[in-house]
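One structure is given below, encoded as structure tokens.
For clarity, every value in this text was computed on a predicted model and none was experimentally measured.
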Amino acid sequence: MTAQPTDTSDSTPTPATKEHPEGERITGAQALIRSLEMEGVDTMFGYPGGCILPAYDPLLESSIRHVLVRHEQGAGHMAEGYAHVSGKPGVAMVTSGPAATNLVTPLMDAYMDSIPMVAITGQVPTAAIGSDAFQECDTVGITRSCTKHNELVMTSQSLPMAIRQAFHIATTGRPGPTLVDVPKDVLVGEMEWYWPTDEEVLASLPGYRPNMKGHPRMVKEAAKLILEAEQPVIYAGGGILKARAAEALAELVELTGIHVVTTLMARGAFPDDHELNLGMPGMHGNATAVTAMQKADLLIALGSRFDDRITGKVDAFAQNAKVIHVDIDPAEQGKVRRPDVPIVGDARLVIEEMIVQIRALLDSGVTQADTGAWKSKVSGWQEQFPMTYEPSEPGAALKPQFCIEQLRDHAPDKTIVASGVGQHQMFASQYWHFNDPYTWVNSGGLGTMGFSIPAAIGAKAAKPDSTVWAIDGDGCFQMTAQELVTASLEGLPIKVALLNNSYLGMVRQWQEMFYDERYSSVFLDSSALPDFVMMAESMGCAAIRVESPEEVGPAIEKANSINDRPVVVEFRTEAAEGVFPMVPAGASNDDVILHPTQQDRKEHLS
Amino acid sequence: MSRVRDYGSNTYPTTDLNHHILSVLVQNRPGVLARVSGLFARRGYNIYSLAVAPAEQEGMSRITIVVDLDSAPLEQVTKQLFKLIDVIKISELDPTHSVERELMIATVKAAGAARGEVQTLTQIFEGKIIAVSEDNLTLSLEGHPDKLDDFEELLDSYGIVELQRTGRVALPKLDRGARLRVAN
């Protein structure tokens with residue numbers, strides 16, 4: 001990710017400051033909170049309980065804002081939302097046992113999507129560890145495979161170092177979640193305050209040295225291939241955003257005139273309104289993005305990982321393409337697709353160096369291959385296969401795509417969109433126009449239903465002046481809606497667009513298409529129960545129910561004008577609507593199923 | 001004891017081409033073995049054998065892992081391993097360019113005439129008798145894993161009561177040429 005080890009390291013006064021003299025005797029709890037302050041934490045999300053209790057006392061005097069959630073999973077997703085939009089690590093603090101296990105989902109979510117996050121969990125006193133004490137669980141064992149690193153801190157004295165390591169690991173290299181498990185007696189016990197220097201932190205982690213700069217020879221080779229390609233496509237992934245590389249990417253595109261696809265994790269990394277942006281590829285990507293990748297002679301993968309949702313059947317994926325793969329995680333190189341030019345490094349630094357090398361080649365008289373024929377082919381696909389849906393019949397339920405378009409068209413600039421998981425997530429990604437980085441927050445890798453409301457609250461905490469819309473479904477909403485109480489009471493007025501089609505829409509679509517319309521356990525009946533308007537109002541939100549197309553715009557305008565509390569707008573949407581295009585799971589991208597109104601012209605996609 | 005039964009068919013191919021030795025230097029911290037073994041389990045890689053002990057540097061341990069490469073390409077295994085914060089260094093040891101040793105102790109039925117035969121066999125292999133009872137002998141043998149395989153196969157006909165091997169440890173073979181050049 002960032003070239004600097006962390007955002008926080010710049011501002012970190014390394015030696016103990018005047019107010020915090022080295023050697024001062026304080027409790028572990030005070031050292032923990034002080035360490036978080038030293039790391040530059042301004043907001044954290046948490047829920048107290050038995051073992052973490054001592055840490056909540058010094059929090060009363062701390063500069064850190066603590067957002068009291070209603071469920072620990074909410075704290076984790078809020079920390080993720082905060083990190084998504086701010087680039088700073090999100091912090092969640094909860095107690096031991098069930099609280100720690102409730103954090104497992106957000107940790108895994110952050111791990112899959114490379115979100116910098118630091119979790120602090122309470123633990124039973126060291127003497128009780130292993131005795132099946134009340135609210136004991138093996139937190140470090142349970143979270144080992146869903147964190148980048150975790151640590152059980154056994155002495156009060158080692159707390160500052162453990163916190164520094166956790167922040168360093170979470171925010172450098174390929175970002176990810178870290179967890180620090182702190183037994184109660186470690187919080188209660190005294191220690192002599194110190195603040196480890198950057199050098200001491202590095203020396204304590206001899207096995208951790210992320211490679212930032214790409215190999216110069218490989219970057220040169222990449223520059224050469226880029227200029228030679230006649231059908232190149234830039235395959236931009238979430239790593240662009242993690243590396244703060246959006247500007248560098250824009251410069252590369254301007255220099256080379258190469259089309260870009262932005263994956264679900266990279267929406268906003270390159271402006272959708274730019275003529276060279278083909279939009280989202282993958283299972284529900286648009287036909288042009290999917291096909292351009294499929295037919296490319298060169299894929300320039302920047303911070304993307306050849307996820308199965310992108311490649312479809314791997315053997316049939318972009319068979320004629322050479323691959324340049326830029327990723328900071330060496331294990332991604334060759335994991336799915338063997339690259340012709342592997343470059344391990346930070347996306348921003350590598351792209352910047354790539355630009356230098358391309359310029360050097362151009363200056364030395366090398367000319368870029370003619371991409372004209374390819375470009376007219378691509379624009380032909382774009383004309384033939386725009387994103388499309390059929391408007392709703394009079395009196396029928398709303399089309400979800402229409403609701404998203406209206407939300408988009410009424411949204412102030414730089415509105416942040418957080419989404420849950422399912423059809424509404426795909427519609428949001430397909431129909432929103434993302435023109436700014438860090439305006440799209442979603443659960444891509446893990447696909448965590450219930451993500452949007454807490455993630456939106458976390459995003460709002462990081463960017464209180466931005467409008468934050470959570471786009472949610474009726475299934476997702478019922479998983480984490482209680483955090484709207486948090487939003488109301490903590491003054492984090494997010495807006496929720498609840499697309500209520502009474503079904504688990506995506507699962508319903510699969511049952512329709514692949515299980516002969518045998519609908520099994522997908523009907524949530526959410527037009528009957530719950531009453532979302534009453535539910536939202538009971539949690540301190542303004543609530544509006546919308547059933548007809550002409551009500552949609554006014555309802556959104558009203559929602560946008562309310563800023564003193566959260567707003568929930570429930571849109572009653574069409575249950576039978578499917579997400580298209582679609583590449584069925586395991587199928588080749590060549591076999592993309594287009595919208596029913598386009599499927600008959602599919603032969604033009606070649 | 002099921003492994004013993006496998007002996008007849010000699011299915012203990014320590015020098016199998018699909019096995020590769022990784023010598024992994026790690027920070028000797030609580031849970032480091034769990035991190036390594038957990039990674040293998042989660043990613044679906046098979047460990048054939050594993051030996052852990054403190055290394056020459058203070059605070060470090062060396063884990064010698066024999067990886068079954070039928071389960072995953074070695075490159076992915078090492079790259080994923082290297083992502084563990086506690087892993088300092090990974091050396092891939094090609095069996096033809098490394099020295100390997102293993103220790104085995106085995107209790108064998110050795111009553112009557114068999115007793116002398118087992119003793120002779122142990123002498124030939126330069127093993128040791130480390131415990132004696134009326135009916136059984138417990139033997140120890142250190143050496144190249146192939147040698148241990150041979151010994152184990154021969155003992156099998158007498159009846160192995162219990163057997164324990166340590167899993168192999170290995171280091172790179174010294175380059176004699178390089179050493180001579182240095183001497184010049």
Side-chain angles (χ1 to χ4, degrees), chain A residues 108 111 114 126 129-130 138-155 158 161-162 165-166 168-170 172-181 183 201-211 305 327-339 342 344, chain B residues 18 20 22-47 50 52-65 67-93:
Chain A
M108 190 65 216
Y111 194 41
S114 306
T126 47
I129 289 177
D138 175 14
T139 303
V140 167
I142 289 169
T143 60
R144 196 170 281 136
S145 64
C146 57
T147 54
K148 187 173 168 189
H149 192 63
N150 61 16
E151 203 72 59
L152 170 64
V153 181
M154 291 299 278
T155 63
S158 50
M161 179 58 100
Q165 289 176 334
H168 178 65
I169 293 168
T172 52
R174 179 177 183 171
T178 55
L179 180 142
V180 184
D181 197 25
V201 175
L202 287 179
S204 71
L205 299 167
Y208 181 68
R209 295 286 181 273
N211 193 32
R305 61 180 177 89
D327 203 293
I328 196 156
D329 180 356
E332 289 302 337
Q333 305 284 355
K335 186 181 82 177
V336 176
R337 171 76 175 246
R338 170 102 4 225
V344 177
Chain B
N18 287 328
H20 219 107
L22 294 178
S23 177
V24 185
L25 190 68
V26 297
Q27 272 187 297
N28 189 3
R29 298 211 290 193
V32 64
L33 183 60
R35 287 185 204 280
V36 170
S37 58
L39 179 121
F40 274 75
R42 180 164 74 92
R43 299 262 174 199
Y45 309 151
N46 290 335
I47 297 178
L50 182 136
V52 200
E56 65 284 356
Q57 292 151 274
E58 201 173 325
M60 304 287 172
S61 284
R62 184 166 277 111
I63 306 180
T64 309
I65 311 172
V67 189
D68 180 354
L69 291 189
D70 287 338
S71 60
L74 188 67
E75 184 191 333
Q76 261 300 305
V77 177
T78 56
K79 281 176 170 177
Q80 293 292 351
L81 262 181
F82 204 63
K83 281 172 74 170
L84 297 177
I85 307 291
D86 291 336
V87 170
I88 312 283
K89 190 179 162 196
I90 303 172
S91 315
E92 301 173 17
L93 299 179

Short of 3.5 Å, which donor-acceptor contacts do chain B and chain A share? List atoms and distances.
{"from": "Gln27(B)", "atom 1": "NE2", "to": "Ser204(A)", "atom 2": "O", "distance (Å)": "3.4"}
{"from": "Arg35(B)", "atom 1": "NH1", "to": "Asn150(A)", "atom 2": "OD1", "distance (Å)": "3.0"}
{"from": "Arg35(B)", "atom 1": "NH2", "to": "Asn150(A)", "atom 2": "O", "distance (Å)": "2.7"}
{"from": "Arg35(B)", "atom 1": "NH2", "to": "Asn150(A)", "atom 2": "OD1", "distance (Å)": "3.2"}
{"from": "Glu75(B)", "atom 1": "OE1", "to": "Arg338(A)", "atom 2": "NH1", "distance (Å)": "3.3"}
{"from": "Glu75(B)", "atom 1": "OE1", "to": "Arg338(A)", "atom 2": "NH2", "distance (Å)": "3.1"}
{"from": "Gln76(B)", "atom 1": "NE2", "to": "Ala331(A)", "atom 2": "O", "distance (Å)": "2.7"}
{"from": "Lys79(B)", "atom 1": "NZ", "to": "Pro330(A)", "atom 2": "O", "distance (Å)": "3.1"}
{"from": "Lys79(B)", "atom 1": "NZ", "to": "Gln333(A)", "atom 2": "O", "distance (Å)": "3.0"}
{"from": "Lys83(B)", "atom 1": "NZ", "to": "Asp329(A)", "atom 2": "OD2", "distance (Å)": "2.5"}

Relative to chain B, which of Gly334(A), Pro210(A), Pro206(A) shows the most heavy atom pairs under 4.5 Å?
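Counting heavy-atom pairs under 4.5 Å, the top option is Pro206(A).
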Is Ile169(A) close to chain B through its backbone or its side chain, or both, or neither, when contacts mean heavy atoms under 4.5 Å?
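Contact with chain B is through the side chain of Ile169(A) alone.
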With sequence neighbours left out, write down each residue that passes side-chain contact (heavy atoms from CB on, under 4.5 Å) with Ile63(B), or none if nothing qualifies.
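side-chain contact (heavy atoms from CB on, under 4.5 Å) check on Ile63(B) returns Val24(B), Val26(B), Leu33(B), Val36(B), Leu50(B), Val52(B), Ile65(B).
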